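Source: prediction; values computed, not measured. Note on naming: letters A, B, ... go to the chains in the order of the sequence lines (proteins, then strands), and numbering restarts at 1 for each one.
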Amino acid sequence: MLARVPSEALTGLDSHAVTVEADVVPAAPAFTIVGLPDAAVQESRERVRTAIVNSHYEFPSRRITVNLAPADVRKEGPSFDLPIALALLCAAGQSRCALDGAAAIGELGLDGAVRPVAGVLAVAQSARRRGLRALLVPAANSGEAALVTGLRVLPAATLREAAALLAGAPAAAAAGPDAVALLGGDAPTDTDLSDVLGQGRVKRVLEVAVAGAHNLLMVGPPGAGKTMLARRVPSIMPPLSVDESIDVTRVHSVAGVLPPGVALVVRRPFRAPHHTISAVGLVGGGATPRPGEVSLAHLGVLFLDEFPEFRVSALEGLRQPLEDGEVTISRALASLTFPARIMLVAAMNPCPCRSQLHRRTDTG
Amino acid sequence: MQPDPHEFGRAAERLAVHYLQEQAYRIVAVNQRVGRGEIDIIARRGAVLAFVEVKARRTRTCGAPEDAVTARKCRQIARLAALWLGSHPRALAGVSDVRFDIIAIDAQQRPPRVRHLRAAFDGGA
């Protein structure tokens with residue numbers, strides 16, 4: 001028997017439709033996944049098999065073929081575990097696909113738990129765009145998905161729960177965090193510029209730089225307070241708007257750096273990568289490109305401490321994002337654009353020759 | 001002087017057939033030659049068709065009997081089963097599940113201990 005469960009696959013910040021088809025026929029037992037799956041998707045077979053058995057379903061002793069359509073797009077990562085398992089259970093007649101227009105994503109644990117995956121916000125936005133009515137997501141990701149209005153978000157903590165929801169069990173759609181309330185609150189931070197005593201001239205400079213969205217280089221001896229001041233730059237930037245906050249959340253979610261339990265990034269990002277960072281780490285890259293630090297700092301501050309110690313190639317890579325506010329990364333498999341509207345704050349020690357004159361020429 | 005190893009193997013297969021019959025399986029074929037290989041037992045119970053590999057060991061010195069069914073052997077059995085099913089299309093009538101089982105016989109114990117590992121492996125990919 002054949003069963004279909006719609007799902008979504010991430011490429012960069014966008015997500016596109018993938019249909020998971022499972023066919024189960026009585027023939028010599030085998031479990032194959034086709035449709036250009038990568039290693040993580042191939043491993044999904046073992047997770048799905050074990051999760052089904054440990055959820056007290058019966059793993060069908062028949063020939064199972066799973067297809068991820070469209071078959072010409074490479075499928076990556078563990079987020080197909082849940083739709084594969086659901087399609088398989090439906091095809092084997094152990095569950096029903098009663099919910100029309102419902103997609104599913106999620107990673108499975110061996111015990112049948114549904115684990116959080118990256119990029120759920122982008123997936124939910126894409127599902128809404130293509131007119132799906134409901135989205136089954138890992139319970140830990142439900143807040144993030146529920147930021148998208150007009151889509152019923154059904155959180156599942158286990159494979160059994162997910163199967164029941166797909167079979168039409170009544171469920172309350174997850175409620176998203178109240179973005180307006182979260183952003184409007186003037187939450188006290190532990191890094192506020194008003195904490196700084198003295199340093200009047202530097203504070204004035206920081207205010208001017210932030211007001212004009214200028215990039216900034218601080219030169220001073222160790223212990224002068226460069227890092228301490230840089231950390232407090234986001235505290236005098238205007239609060240994120242709701243749309244900006246969703247943009248930032250999307251990048252962080254796709255990169256998998258959203259802390260557990262956080263559905264929405266409400267503070268401007270402050271990223272301070274170590275000076276040994278590679279060019280790819282800073283601007284993004286990889287076989288299928290992933291966002292780098294410059295995109296994780298989108299709408300916030302990218303702080304480069306020990307500025308002259310950074311690799312030349314990494315710093316040169318910042319030219320285009322600083323100019324355009326976005327970065328386009330082209331690789332064999334894909335060419336993707338990530339947002340990168342940042343305020344660059346750099347800090348360095350003065351030249352060891354201690355010549356004031358030299359320092360002035362250096363910093364121009 | 002060791003007893004004839006072929007005779008030992010055939011005795012193990014007879015024991016496995018006897019065991020399956022006791023478990024209400026109907027024996028479809030024994031020592032079925034397919035191409036260059038051989039399937040030990042093909043048995044049917046209800047909607048289940050099982051291809052059974054029999055492994056017996058006189059001693060435990062080389063490990064458990066089922067450990068002798070290697071990944072390569074599993075692939076071979078899966079291939080033979082697919083060939084056999086191709087030439088016996090009616091064997092699948094009324095079948096919902098097809099299984100690859102192992103019957104492991106430990107002949108060190110008296111009487112020999114028979115263990116039936118259902119769905120011990122699949123055709124994989």
Side-chain angles (χ1 to χ4, degrees), chain A residues 1-3 20-68 71 74-75 78 80-81 84-85 87-95 110, chain B residues 20 23 25-26 28-29 32 34-35 37-53 69 71-103 116-125:
Chain A
M1 227 176 81
L2 181 73
V20 177
E21 302 174 315
D23 189 36
V24 176
V25 290
F31 185 4
T32 41
I33 298 182
V34 297
L36 226 53
D38 77 343
V41 181
Q42 283 296 353
E43 286 178 352
S44 149
R45 285 183 303 176
E46 302 310 320
R47 288 191 296 271
V48 166
R49 184 198 306 271
T50 317
I52 283 181
V53 171
N54 288 339
S55 300
H56 306 290
Y57 290 106
E58 197 189 323
F59 191 82
S61 192
R62 280 169 261 175
R63 192 173 70 208
I64 302 160
T65 312
V66 170
N67 181 33
L68 308 174
R74 192 165 289 276
K75 317 295 185 311
F80 298 109
D81 289 3
I84 288 174
L88 210 159
L89 287 174
C90 292
Q94 298 190 50
S95 186
L110 297 184
Chain B
L20 286 171
Q23 300 289 314
Y25 282 86
R26 184 168 61 79
V28 177
Q32 179 72 51
V34 186
E38 190 180 86
I39 300 170
D40 288 346
I41 302 171
I42 304 170
R44 171 89 188 257
R45 183 170 77 178
V48 174
L49 183 70
F51 293 89
V52 184
E53 172 71 10
V69 184
R72 191 175 149 195
K73 184 75 180 165
C74 292
R75 281 197 299 275
Q76 190 205 354
I77 295 167
R79 203 179 62 238
L80 295 178
L83 278 173
W84 186 85
L85 285 172
S87 58
H88 296 75
R90 290 178 56 199
L92 277 177
V95 170
S96 72
D97 284 19
V98 179
R99 283 195 330 228
F100 293 120
D101 293 1
I102 295 175
I103 289 190
H116 184 187
L117 310 174
R118 292 171 191 83
F121 58 92
D122 72 16

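- In terms of heavy atoms, B/V98 sits closest to A/A28 at CG1-CA, 3.8 Å.
- Contacts of A/E58 with chain B are made by side-chain atoms alone, with heavy-atom separations under 4.5 Å and no backbone atom involved.
- Across every non-hydrogen atom of B/S96 and A/P26, the tightest pair is O-CB, 3.3 Å.
- Counting heavy atoms of neighbouring residues, nucleotides and ligands inside a 6.0 Å radius, atom CZ of A/R74 does not exceed 12 of them.
- With B/D122 as reference, A/R49 is the one residue of A/R62, A/R63, A/R49 to meet the salt bridge (Lys or Arg N to Asp or Glu O under 4.0 Å) rule.
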